[in-house]
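A short write-up of the structure that comes next.
These figures come from a predicted structure and were not determined experimentally.
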Amino acid sequence: MHAPMKFAEKGLALAATGAWHVFSRLNRISQNPSFTPNWSDKPLLKSYQKTKPPLGWPRETDSLCPTCVREARQAILDGTKPVESLLNEKVGEIKATIVEKDGHIVMVKDCPIHGHFEDTMAIDTAFFKHLEEVFPGRDIRAHNDETLHNHGSSTIQHGRGSVLTVDLTNRCNMMCDPCFMDANQVGFVHELSWEDIKTVLDNAITIKPRRQMSVQFSGGEPTLSPYFLDAVRYARKVGYNSVQAATNGIEFAKSVDFARAAAEAGLRYAYLQFDGIGNAANSHRRVGNLFDVKLRAIENLHKAGVDIVPVITIVNGVNNEQVGRVVEFALDNPKKINFLSFQPVSFTGRDEEVTPERRAAQRYTLSHLAHDVKNQTGLGEPIRDWFPISFMSTFTDWADVVHGPDRDWGQLTCGCHPNCGIGMAVMIDKETKEAVPVTAFLDVETLAKDVAEVNDAARGKWGSIAGMTLALLKNYDPFKAPTHFKIVDLLKKFDKTFGASGKNYGKVEGDRTMSDIEKRRGDRWNFLFIAGMWFQDLFNYDFRRTEMCIIPYATQQGEISFCAYNTGIGWRNIIEKMHMTATLTKWYEEHGRHEIFAGNKHVPLNTTEHSLKLNAAAVAAGAQTDLDVLGIAKNAREEKMKARKQKHEMTPDEQRHHAEMEKLYRQHVLKEEEGAPLLQIAGLKKANQPTVN
């Protein structure tokens, strides 16, 4: 039944190949210059104008000494080093080299005081090379941004980002390992006021290039902020179409009314913490019924009209065997899940002082992810089907050309470094659940080169649409596509994603209704995007990545790269202390204690019923025990207990060596004179100190 259609489509693809050659030759004649859109003071870049950071190996880059950074940060917090030094000095910086070693890609670096550091960046050299070779180049340089992007070596220099992260509070209703921000453990509350929230959102749309970004409210747990719903509503009001919450889902699981209120305020996506299938797979979070919480949160949010993105922090030896089970969960539930975000562990927050032994055992890279998906599900070839997420910028560049110069917002563009994030797209038939990687039936590498040609010619809306159509047809293989998939479905998918033709597939703007949501969900085909986003830590830090960050944190001290904020010199620790709302004791006196679910405490749920399809064997499986077998601590808590025991067993010679190293550090890194008294918080002021923009 479908064979005649497939043969007809193959004939159309061959005809498009011939037509493309004619189109391409004509397209090279008298190409139009790039226009300067309303959302930028600089013209769109041609593909050949885009710059790239140093790539390949061996290569040298700028990195950080993990020990120097921790000590310098503490000196700033203690008041013995001014915060302005982060703008004027290269605090903690050392050179690093990225090389091949024993079939792996590794970063090696040496501090003259603290010695040698080494960490794995990829376990597959061919995969690493592929990601860097298909990287299309950096976005427009950020401009008109001096007041928000001014953070010394950590300053964002390229593009405008794709996800603006706003931490509403550092309070959380869980006590997780790992945790980027060490929530509930710093002794004070940092919580944005309503004026703070409005200010950071207003500031974000003053700089250029002004691209349509996702605004993600985070924390701590953002739903604990009394302004959570107001913040969602305001972000929609000022023009952001994609408003998200990075959440553990507890409040949404407890109340369908709360989920509905969030949707009505304008919440479009819930980035839901999701470590695996079954309560055992989530047991390291120390909430007794956490998987039941996730299922109820998905049920309530989807019913309310909010789309769900499971976010899986992957720790080798703790939950890496869950990769395939989570992908299977998405494939089994294509009407509710259309995006997965895997995040290989970053040793920061509570895990910043990880031992080399545990770090080596738990390190997980993007190359691990691509291979685990294939090995655990049989889905996807690492080099054929996985690309850096910045690869998509060629297609968003095309959409910017199509939409013309009069738009007030540019397209959402993921222009990060190729070592930062990867993705694989899978086309799923919601009716039959047949799933095929898009790159199995679409030659996207050639397609991207063809589309770059279309972009460079700048022929306007309809000329660019014609070029894209021919490029899609010529690179499409109908015989490798899902059984019921047709060329027209492919064209509609691109049109729906980029809004090129103006056809109404269901609104995404602030005035969208449940009818719009259902219309968009009514598509038979689920374009499942499996992403991996690898945030840096002090052991693999690369300033070439920081400069291109697409996930800026909006703070009271400007917009700071995700990695520079959570790791790097640790701007989070400094800014939250500068702008702390109250000490924990004072906060509890005035507001009372919020409930924290830890120690395997259960979250009270009205029901555990759900409509999701689950693999019973995966749900029933026990927790992963690899590290127990090796005798390696699973988290910072276990590690600190082990370290305390070892410290009591330290010999006098070891104690003297430790004291001497501390003395050398204070003299040569912190530039302290011997015997100088320690000052207290002199460098950290809130109201009267000149701000760090």
Side-chain angles (χ1 to χ4, degrees), residues 39 160-169 192-206 210-272 297-309 311 336-339 341 407-412 496-497 499 504-522 551-554:
W39 48 269
R160 178 56 194 90
S162 63
V163 180
L164 182 75
T165 306
V166 182
D167 276 355
L168 295 180
T169 178
L192 297 188
S193 68
W194 177 235
E195 288 304 315
D196 289 332
I197 294 167
K198 288 193 296 183
T199 296
V200 297
L201 290 173
D202 289 343
N203 285 346
I205 58 178
T206 64
R210 185 169 90 159
R211 292 182 176 272
Q212 178 61 243
M213 291 198 301
S214 299
V215 174
Q216 184 172 107
F217 293 109
S218 185
E221 173 53 42
T223 58
L224 295 187
S225 167
Y227 303 112
F228 172 68
L229 295 178
D230 293 325
V232 171
R233 195 173 292 112
Y234 190 77
R236 279 286 199 173
K237 178 182 176 182
V238 298
Y240 292 109
N241 294 332
S242 178
V243 182
Q244 310 169 355
T247 177
N248 57 36
I250 289 176
E251 296 304 313
F252 295 114
K254 287 160 59 177
S255 171
V256 68
D257 290 336
F258 182 69
R260 190 175 295 114
E264 290 173 354
L267 188 67
R268 187 173 174 188
Y269 294 101
Y271 270 59
L272 181 67
I298 292 172
E299 201 74 21
N300 289 345
L301 286 162
H302 188 267
K303 183 177 180 180
V306 178
D307 290 331
I308 299 96
V309 179
V311 178
K336 290 187 171 68
I337 306 295
N338 56 20
F339 199 113
S341 179
R407 288 295 181 101
D408 292 325
W409 301 77
Q411 293 289 306
L412 187 152
K496 181 180 178 181
T497 300
N504 182 15
Y505 294 94
K507 290 182 179 180
V508 296
E509 291 79 19
D511 60 346
R512 73 173 186 156
T513 65
M514 197 64 195
S515 176
D516 292 311
I517 294 169
E518 293 298 339
K519 188 172 184 179
R520 292 189 75 82
R521 288 177 174 176
I551 309 180
Y553 267 87

Check ion pair K254-E251 (N to O, under 4.0 angstrom): yes
Distance-minimising heavy-atom pair for V166 and A554: CG2-CB, 4.0 Å
Derivation and outcome, side-chain contact (heavy atoms from CB on, under 4.5 Å), residues V232 and F217: CA-CA 8 Å; V232 171; F217 293 109; 4.0 Å; yes
Side-chain heavy-atom pair Q216, Y271 within 4.5 angstrom cut-off: yes
Nearest-0.5 Å distance, OH of residue Y269 to OG of residue S214: 7.5 Å
Rounded distance [0.5 Å steps], CD1 in I205 versus CG in D408: 10.0 Å
Main-chain N/O of G410 paired with R210 side-chain donor or acceptor, under 3.5 Å: no
Heavy-atom pair with the smallest gap, counting every atom of A304 and A263: O-CB, 3.3 Å
I197 and Y234, any side-chain heavy atoms less than 4.5 Å apart: no
Side chain to side chain donor-acceptor pair (under 3.5 Å) between E221 and T223, worked out: CA-CA 6 Å; E221 173 53 42; T223 58; 2.7 Å; yes
Short N-O contact, R520 and D516, less than 4.0 angstrom: no
Sub-4.5 Å side-chain heavy-atom contact between L164 and P552: yes
Smallest separation among heavy atoms of A253 and N300, with atom names: O-ND2, 3.3 Å
Under 3.5 Å donor-acceptor, R211 side chain and Q411 backbone: yes
Distance-minimising heavy-atom pair for P222 and A246: CD-O, 3.1 Å
From CG (L192) to NZ (K198), nearest 0.5 Å: 13.5 Å
Spacing of N241 atom CG and M213 atom CE [to the nearest 0.5 Å]: 12.5 Å
Flag side-chain contact, heavy atom, 4.5 Å: I298 against L272: yes
L229 and E264, any side-chain heavy atoms less than 4.5 Å apart: no
Atom NZ of K507: over 12 foreign heavy atoms under 6.0 Å: no
Interatomic spacing from CG in D202 to CD in E195 - rounded to 0.5 Å: 9.5 Å
R407 side chain near Q212 side chain, heavy-atom distance below 4.5 Å: no
Salt-bridge present (R521, D307; N to O < 4.0 Å): yes
Side chains of D230 and W194 in contact at under 4.5 Å (non-hydrogen atoms): yes
Verdict with reasoning, R512 to E509, per salt bridge (Lys or Arg N to Asp or Glu O under 4.0 Å): CA-CA 6 Å; R512 73 173 186 156; E509 291 79 19; over 6 Å; no
Donor-acceptor pair, side chain of D196 and main chain of S193, under 3.5 angstrom: yes
Inter-residue atom distance T497.OG1 - Y505.OH, 0.5 Å rounding: 9.5 Å
Close side-chain approach of V215 and Q244, heavy atoms under 4.5 Å: no
Contact summary for K519 and N504, nearest pair of heavy atoms: NZ-O, 3.1 Å
Mutual orientation of the aromatic rings belonging to F228 and F252 [parallel < 30°, tilted 30-60°, perpendicular > 60°]: perpendicular
Which atom of L267 lies closest to which atom of A245, heavy atoms considered: CD1-N, 3.6 Å
Heavy-atom donor-acceptor pair, D167 side chain to T169 backbone, under 3.5 Å: no
